[in-house]
**Q** 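There's a structure below that I have some questions on.
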4 protein chains.
Amino acid sequence: MARISKNPEVRKAEIMDASLELFANKGFEDTAVSDIVKKIGVAQGTFYYYFKTKEEIMIALIDRFMVEHEEYIKTIDEDLHMSPAEKVNAILFVKPFHQKVSDFLHHENNAWIHQKFLVKKINEMTPYLSRILAEGTKEGYFKVEHAQETAEFLLTAVNFMLDPGIFELKDSKLEEKKNVVKNIVNNLVIKD
Amino acid sequence: MARISKNPEVRKAEIMDASLELFANKGFEDTAVSDIVKKIGVAQGTFYYYFKTKEEIMIALIDRFMVEHEEYIKTIDEDLHMSPAEKVNAILFVKPFHQKVSDFLHHENNAWIHQKFLVKKINEMTPYLSRILAEGTKEGYFKVEHAQETAEFLLTAVNFMLDPGIFELKDSKLEEKKNVVKNIVNNLVIKD
Amino acid sequence: MARISKNPEVRKAEIMDASLELFANKGFEDTAVSDIVKKIGVAQGTFYYYFKTKEEIMIALIDRFMVEHEEYIKTIDEDLHMSPAEKVNAILFVKPFHQKVSDFLHHENNAWIHQKFLVKKINEMTPYLSRILAEGTKEGYFKVEHAQETAEFLLTAVNFMLDPGIFELKDSKLEEKKNVVKNIVNNLVIKD
Amino acid sequence: MARISKNPEVRKAEIMDASLELFANKGFEDTAVSDIVKKIGVAQGTFYYYFKTKEEIMIALIDRFMVEHEEYIKTIDEDLHMSPAEKVNAILFVKPFHQKVSDFLHHENNAWIHQKFLVKKINEMTPYLSRILAEGTKEGYFKVEHAQETAEFLLTAVNFMLDPGIFELKDSKLEEKKNVVKNIVNNLVIKD
DNA sequence: GATGAATGAGGCTTCATTCAT
DNA sequence: GATGAATGAAGCCTCATTCAT
């Protein structure tokens with residue numbers, strides 16, 4: 001087969017993208033390395049030139065998500081035009097990224113990855129939310145006592161509960177549920 | 001080898017017990033059917049005489065847990081000596097069953113089973129908690145508006161958050177966290 | 001494919017025989033497990049039902065040779081009609097077993113197996129030869145001082161030297177060499 | 001990466017040295033070409049610029065040993081201050097070269113190389129020893145009849161027998177064995 | 001002289017499941 | 001009810017070697 005050399009960064013991204021799509025369709029375990037390379041027309045060895053094991057690419061994928069995610073959270077955190085309450089809502093109800101990533105994580109066979117991912121995400125968001133709650137309380141916007149724990153509590157509940165994969169919700173039901181949850185959160189957090 | 005016939009129920013339980021122990025030690029995927037039968041000194045075919053597939057035994061195991069669990073919840077629900085608030089606490093902070101079951105569910109490789117299990121558990125407990133909250137509110141003990149959603153919210157947060165496997169907590173830390181969570185719950189639920 | 005069950009002993013021997021032949025032709029490393037099973041028309045899994053790894057079958061093969069070999073040595077040792085000198089010669093110049101085994105060991109790629117095998121063989125024969133030399137000396141047939149070491153010395157020299165694989169000798173040359181060596185041995189051992 | 005040109009001889013030696021060390025540690029087969037180039041910080045292609053195949057470098061290594069070895073034997077042979085008997089001993093009990101070379105040859109996975117090497121060595125030393133024995137006999141120092149065969153016989157026995165890798169001897173045991181062997185050799189060779 | 005991305009054949013092994021006895 | 005020999009698909013990974021730059 002014709003040998004086409006590419007810039008390593010490009011090739012690596014190409015492999016990651018193909019993997020992501022396949023993992024989203026068939027799940028991690030059910031995707032063979034041979035599927036991945038076939039999809040982009042390179043030799044099997046090429047995959048292993050870039051990733052030592054099949055597991056490694058999954059970690060790389062997750063890391064890429066996390067970076068994007070953290071950047072987004074920072075944007076919110078530093079946004080000068082949002083009120084504390086808006087920030088709280090924005091952080092709790094972040095929209096998922098690309099569809100592919102979402103599919104990947106929600107594939108039944110990727111549950112363990114999904115779970116680890118949620119935990120990572122929650123752990124990462126906790127300090128931001130915690131600080132917003134604490135400062136907001138100091139400034140009289142909120143009525144939160146244990147900011148750290150409350151942040152974790154809310155993030156855990158919301159993230160697991162509103163995850164369409166975990167509780168297998170349809171979009172309509174999900175939106176409904178979201179609203180009710182927003183109410184609960186407000187009660188718990190906002191000063192009246 | 002000598003052919004030892006046993007009462008089918010006994011044999012079945014024997015296989016399930018062996019499986020549970022192995023799943024707890026090595027995880028579901030990493031336990032081979034051959035491991036199971038070797039453990040109890042029975043032929044490979046015998047396993048398939050009692051269970052159509054390997055997956056089936058896992059489902060049987062989960063079902064067995066669920067039954068035990070539901071019985072326990074009912075006990076609480078019908079307990080005449082507990083106040084509504086006590087019932088809420090009892091339901092939210094159920095202690096885990098046997099160690100083996102707990103190990104099984106918390107084994108890294110069993111994450112997806114664990115997750116499904118938690119969801120099932122939450123779904124099962126929701127109506128009980130929901131009713132308790134609704135009735136308690138009617139009777140002036142609580143201040144809960146959306147009983148159904150609040151129940152689900154609390155159960156989700158508490159179960160995922162306090163799960164020692166998911167967030168990898170040490171026992172000491174866990175106890176601490178539990179107390180703070182109790183506070184939050186009280187604030188959200190109890191009328192002052 | 002039709003499923004033919006056989007007595008385990010038979011099947012195992014069948015696999016070993018096929019392996020031996022292939023190892024002799026292509027060497028151990030260059031023989032794939034798939035070659036072996038193809039040769040006898042069973043599934044790949046069948047091989048692994050009898051041998052945990054590819055290496056294991058080689059060990060089994062060697063063991064089988066060793067058993068045959070030791071039996072032969074014992075026969076000589078206990079032979080009442082042979083003189084000590086005859087026994088010495090018989091032990092030093094044992095004829096190789098079956099051609100297959102010989103080919104197996106002499107295949108270029110099996111050198112390390114061959115070497116280990118020779119060492120095992122020498123170690124095994126040493127006590128027999130040593131005793132024959134010692135007793136023969138006591139009875140005045142031989143003139144050997146350090147029976148143990150001499151035995152080892154002779155066995156090492158003869159086995160490596162007359163090995164057609166190691167020194168790559170043609171049959172004619174080998175026979176010639178053998179005779180000269182016999183002379184040397186006699187000088188070293190026999191009393192005049 | 002910066003492209004560093006070096007004198008070809010230097011580069012080649014560098015590659016050989018790195019290979020030798022790796023072969024000594026992990027054996028020939030278990031050392032990948034990629035390991036070698038990584039060790040000296042050079043591209044994979046560079047290796048193939050200097051050596052056509054991986055096997056070729058091993059041959060180059062062996063040749064280098066052999067040259068060193070032959071030079072040493074010549075030194076002994078032409079030494080005017082040594083008696084014939086001393087020369088015989090010196091040739092039979094040559095000390096090994098550098099530790100690395102010794103490790104390389106004794107690595108379990110290099111058995112076949114080792115064996116070929118010993119044979120080469122023996123074949124190379126035979127004419128020297130043979131001549132020394134023949135001349136010594138003519139001059140009345142020795143009592144050797146078949147000089148050529150005796151030389152080969154002794155070299156074979158001694159080299160294989162005293163090889164610490166083949167018979168897996170500890171240093172203490174080895175020294176002991178060596179002395180007994182010297183006795184045997186003297187008996188066989190020296191006139192009394 | 002040197003680079004390093006790309007190749008691709010091929011091997012060992014695992015294991016859930018079946019089926020003839 | 002029970003046995004256990006047999007199946008066979010499928011997958012991950014290694015690595016010597018090549019070649020376009």
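Here is the naming used below: chain letters follow the sequence lines, and residue numbers restart at 1 for every chain.
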**Q** Tell me which of A:Ala32 and B:Pro8 sits closer to the 5' end of DNA chain F, going by the nucleotide each one is nearest to.
**A** B:Pro8
**Q** Can you tell me how far P of E:dT14 sits from CZ of C:Phe47, to the nearest Å?
**A** 12 Å
**Q** Output the rounded distance in Å from OH (B:Tyr50) to P (E:dA16).
**A** 20 Å
**Q** D:Lys38 has an atom NZ; how far is it from atom P of E:dT3, in whole Å?
**A** 15 Å
**Q** Closer to the 5' end of DNA chain E via nearest nucleotide, is it D:Gly45 or D:Asn7?
**A** D:Asn7
**Q** Would you mind reading off the distance between B:Ile36 atom CD1 and E:dT17 atom P, rounded to a whole angstrom?
**A** 11 Å
**Q** Please determine if B:Lys120 forms a cation-pi arrangement with B:Phe65, meaning its NZ or CZ atom is less than 6.0 Å from the six-membered ring centre and no more than 45° off the ring axis.
**A** no
**Q** On the side chain of D:Gln44, is there an atom forming a donor-acceptor pair with the base of F:dT17 - under 3.5 Å, no angle test?
**A** yes
**Q** Ignoring hydrogens, what is the shortest heavy-atom contact between D:Ser34 and D:Val37? Give both atom names and the distance.
**A** O-CG2, 3.3 Å
**Q** What's the CD-P distance between A:Glu55 and F:dG11, to the nearest Å?
**A** 17 Å
**Q** Mapping C:Ser34 and B:Asp30 to their closest nucleotides on DNA chain E, which lands nearer the 5' end?
**A** C:Ser34
**Q** Quickly work out the D:Lys52 NZ to F:dT18 P distance and round it to whole Å.
**A** 10 Å
**Q** Between B:Asp17 and B:Lys39, is the closest basic N to carboxylate O distance under 4.0 Å?
**A** no
**Q** Compare the minimum distances between each of F:dA6, F:dA16, E:dC12 and the side chain of D:Val33, then state the nucleotide with the smallest one.
**A** F:dA16
**Q** What's the closest nucleotide to the D:Ala43 side chain, out of E:dT3, F:dA6, F:dT7?
**A** E:dT3
**Q** Using heavy-atom distances to pick each residue's nearest nucleotide on DNA chain F, tell me which of A:Asp35 and B:Tyr49 is more 5'.
**A** B:Tyr49
**Q** Which part of the nucleic acid, if any, lies within reach of C:Ser5 when heavy atoms closer than 4.0 Å are counted: base, sugar-phosphate only, or nothing?
**A** sugar-phosphate
**Q** In what stems does DNA chain F take part, counting only runs of at least 3 consecutive Watson-Crick or G-U pairs whose two distances fall under 3.5 Å?
**A** E:2-21 with F:2-21
**Q** Please pick, from E:dA6, F:dA6, E:dA9, the nucleotide with the shortest atom-to-atom distance to any side-chain atom of A:Arg11.
**A** E:dA6
**Q** Which side-chain N or O atoms in residues 52-61 of chain B pair as donor and acceptor under 3.5 Å with protein atoms at least two apart or in another chain?
**A**
{"residue": "B:Thr53", "atom": "OG1", "partner": "B:Glu55", "partner atom": "N", "Å": "3.3"}
{"residue": "B:Thr53", "atom": "OG1", "partner": "B:Glu56", "partner atom": "N", "Å": "3.1"}
{"residue": "B:Lys54", "atom": "NZ", "partner": "B:Phe28", "partner atom": "O", "Å": "3.1"}
{"residue": "B:Lys54", "atom": "NZ", "partner": "B:Thr31", "partner atom": "O", "Å": "2.9"}
{"residue": "B:Glu56", "atom": "OE2", "partner": "B:Lys52", "partner atom": "N", "Å": "3.4"}

**Q** Could you work out, with side-chain hydrogen bond (donor to acceptor under 3.5 Å, both in side chains) as the rule, every residue matching C:Asn25, not counting sequence neighbours?
**A** none
**Q** Check the pair B:Asp30, B:His107 against side-chain hydrogen bond (donor to acceptor under 3.5 Å, both in side chains), reporting the backbone distance first and the verdict last.
**A** CA-CA 11 Å; B:Asp30 288 354; B:His107 188 104; 5.6 Å; no
**Q** Return the value, rounded to whole Å, for the distance between atom CD1 of B:Ile57 and atom C1' of E:dA16.
**A** 13 Å
**Q** Can you tell me how far the CD1 atom of A:Ile166 sits from the NE2 atom of A:His106, to the nearest 0.5 Å?
**A** 6.5 Å
**Q** Taking the cut-offs as 6.0 angstrom to the six-membered ring centre and 45 degrees off its axis, would you call A:Lys12 and A:Phe51 a cation-pi pair?
**A** yes
**Q** Between atom CE in C:Met58 and atom C1' in E:dC12, what is the gap in whole Å?
**A** 16 Å
**Q** Measure from the side-chain heavy atoms of A:Tyr48 and tell me the nearest of F:dT14, E:dA16, F:dT3.
**A** F:dT14
**Q** Quick check for you: among F:dC13, E:dT3, E:dT14, whose closest atom lies nearest to any side-chain atom of A:Lys54?
**A** F:dC13
